[in-house]
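This report refers to the structure that appears directly beneath it.
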Amino acid sequence: MIAAVILAAGESSRMGSPKALLPVGGERFIDRIVRALAASKAGRIVVVLGHRAEEIRQQIRDLPVTIVINEDYRLGQLSSLQAAVRELQKFPEAAGIDAVLVHLVDHPCLSAALVDRMIDAFYRSGKLIVVPCYRGRRGHPVIFARALFDELLRAPLAVGAKAVVQAHPKETLEIETDEEGVAIDVDTPQEYQELVEKTGCRN
């Protein structure tokens, strides 16, 4: 099984409001992402919250997800991924988790088809890391094999998960895709407006 982890703990300081709750195409970012993951071959879906956690928890309580609270969210995205990995290792199905598929809440354009392609490629290739690429640019989500969990937990917070990716160039599989959404991240009101005006996500 591949567990999906959505990182949504940040302060969204440049945006000014929680990105998870921003609407695009009639759906909130978090709804779009969860819908895609739920329709894919991914297993349990975990959402990591931090800043304004209780407020967001109430807003997404009807979604089919497990919520993890990262009290150390100010330490960065990797701290949230580490919180998720620690929690996953406590689940009854922990022994059956082969990898985590990590997605960021500020990348709202995700398709179940791409997730399935990545999962199939992970099992077929035997690689430790699978990452999508759009016109030569790497994006999200990223799959990390179970064999890398300890490295993720030990990685320097200042560098983030990319430290683990950089340590395994020969064990990283790039999946070329024509889905621009893998490289679209929304951090500012201007970027959000551009996404909305661009007719939103196409999946």
Side-chain angles (χ1 to χ4, degrees), residues 1-8 19-20 24-48 60 62-68 77 80-81 84-85 87-89 91-149 152 161-162 164-165 168 170-186 195 198-203:
M1 179 185 82
I2 304 245
V5 175
I6 304 170
L7 304 183
K19 286 180 276 190
V24 61
E27 289 181 285
R28 300 174 301 183
F29 281 20
I30 190 71
D31 295 316
R32 292 191 63 87
I33 296 167
V34 170
R35 175 169 57 81
L37 291 172
S40 76
K41 296 178 181 179
R44 187 190 288 247
I45 303 172
V46 173
V47 176
V48 184
I60 68 172
D62 294 330
L63 295 181
V65 301
T66 299
I67 294 175
V68 172
Q77 284 181 348
S80 291
L81 176 53
V85 169
E87 195 64 26
L88 284 169
Q89 292 175 333
F91 290 166
E93 69 270 32
I97 296 175
D98 301 313
V100 290
L101 180 141
V102 184
H103 197 63
L104 310 180
V105 79
D106 58 10
H107 284 61
C109 303
L110 178 66
S111 76
L114 175 65
V115 173
D116 285 348
R117 275 189 64 205
M118 292 180 63
I119 290 174
D120 288 344
F122 169 76
Y123 283 113
R124 185 175 61 251
S125 70
K127 297 290 187 180
L128 296 178
I129 300 168
V130 179
V131 58
C133 288
Y134 175 75
R135 296 183 178 177
R137 180 182 172 188
R138 287 183 173 182
H140 284 81
V142 179
I143 293 177
F144 292 96
R146 181 190 189 92
L148 296 176
F149 285 5
L152 288 169
K162 67 181 180 182
V164 177
V165 176
H168 298 279
K170 293 182 179 179
E171 290 300 323
T172 298
L173 175 66
E174 293 184 345
I175 300 292
E176 290 294 334
T177 177
D178 59 3
E179 293 189 23
E180 184 182 5
V182 303
I184 293 178
D185 59 330
V186 180
L195 176 65
K198 198 176 181 179
T199 70
C201 302
R202 297 179 181 178
N203 56 296

Approximate separation, where rounding is to 0.5 Å, of Glu93 CD and Leu88 CG: 8.0 Å
Arg146 side chain near Ile97 side chain, heavy-atom distance below 4.5 Å: yes
Side chains of Leu81 and Val48 in contact at under 4.5 Å (non-hydrogen atoms): no
Which atom of Phe29 lies closest to which atom of Val105, heavy atoms considered: CD2-O, 3.4 Å
Nearest-0.5 Å distance that lies between atom CG in Asp116 and atom OG in Ser40: 5.5 Å
Reported SG-to-CD distance for the pair Cys133 and Glu176, which is rounded to 0.5 angstrom: 5.0 Å
pair Pro108-Leu195: side-chain heavy atoms closer than 4.5 Å: yes
Short N-O contact, Asp106 and Lys19, less than 4.0 angstrom: yes
Approximate separation, where rounding is to 0.5 Å, of Lys127 NZ and Thr172 OG1: 8.0 Å
Under 3.5 Å: donor-acceptor pair, side chain of Asp185, backbone of His107: no
Ala161 to Phe144 - nearest heavy-atom pair and separation: CB-CZ, 4.0 Å
N-O pairing of Asp178 and Arg135 below 4.0 Å: no
Any donor-acceptor pair under 3.5 Å from Arg137 side chain to Ala183 backbone: yes
Atom of His168, atom of Leu128 and distance for their closest heavy-atom approach: ND1-CD1, 4.0 Å
Lys41 side chain reached by Ile2 side chain, heavy atoms, under 4.5 Å: no
Nearest non-hydrogen partners of Arg44 and Pro92, listed with the distance: NH2-CD, 4.4 Å
Residue pair Ala84 / Val5: nearest heavy atoms and the distance that separates them: CB-CG1, 3.7 Å
Side-chain heavy-atom pair His140, Pro132 within 4.5 angstrom cut-off: no
Glu87 and Val46: CA distance, side-chain angles, deciding distance, side chain to side chain contact (heavy atoms under 4.5 Å, CB included) verdict: CA-CA 9 Å; Glu87 195 64 26; Val46 173; over 6 Å; no
Steps toward side chain to side chain contact (heavy atoms under 4.5 Å, CB included) verdict (Val131, Leu173): CA-CA 6 Å; Val131 58; Leu173 175 66; over 6 Å; no
Heavy-atom check, side chain of Ile30 versus side chain of Val47, under 4.5 Å: yes
For Arg28, salt bridge (charged side-chain N to carboxylate O under 4.0 Å, His left out) partners two or more places apart: Asp31
Pairwise distance CG(Leu7) to CD1(Ile33) - rounded to 0.5 angstrom: 10.0 Å
Nearest atoms (heavy-atom pairs only) where Ile143 meets Phe122: CG2-CD1, 3.8 Å
Check: Leu37 and Ile6 side chains under 4.5 Å, non-hydrogen atoms: yes
Separation of Arg117 CZ from Glu179 CD (nearest 0.5 Å): 8.0 Å
Residue pair Gln77, Leu104: steps toward the side chain to side chain contact (heavy atoms under 4.5 Å, CB included) verdict: CA-CA 9 Å; Gln77 284 181 348; Leu104 310 180; 3.8 Å; yes
Sub-4.5 Å side-chain heavy-atom contact between Thr177 and Val182: yes
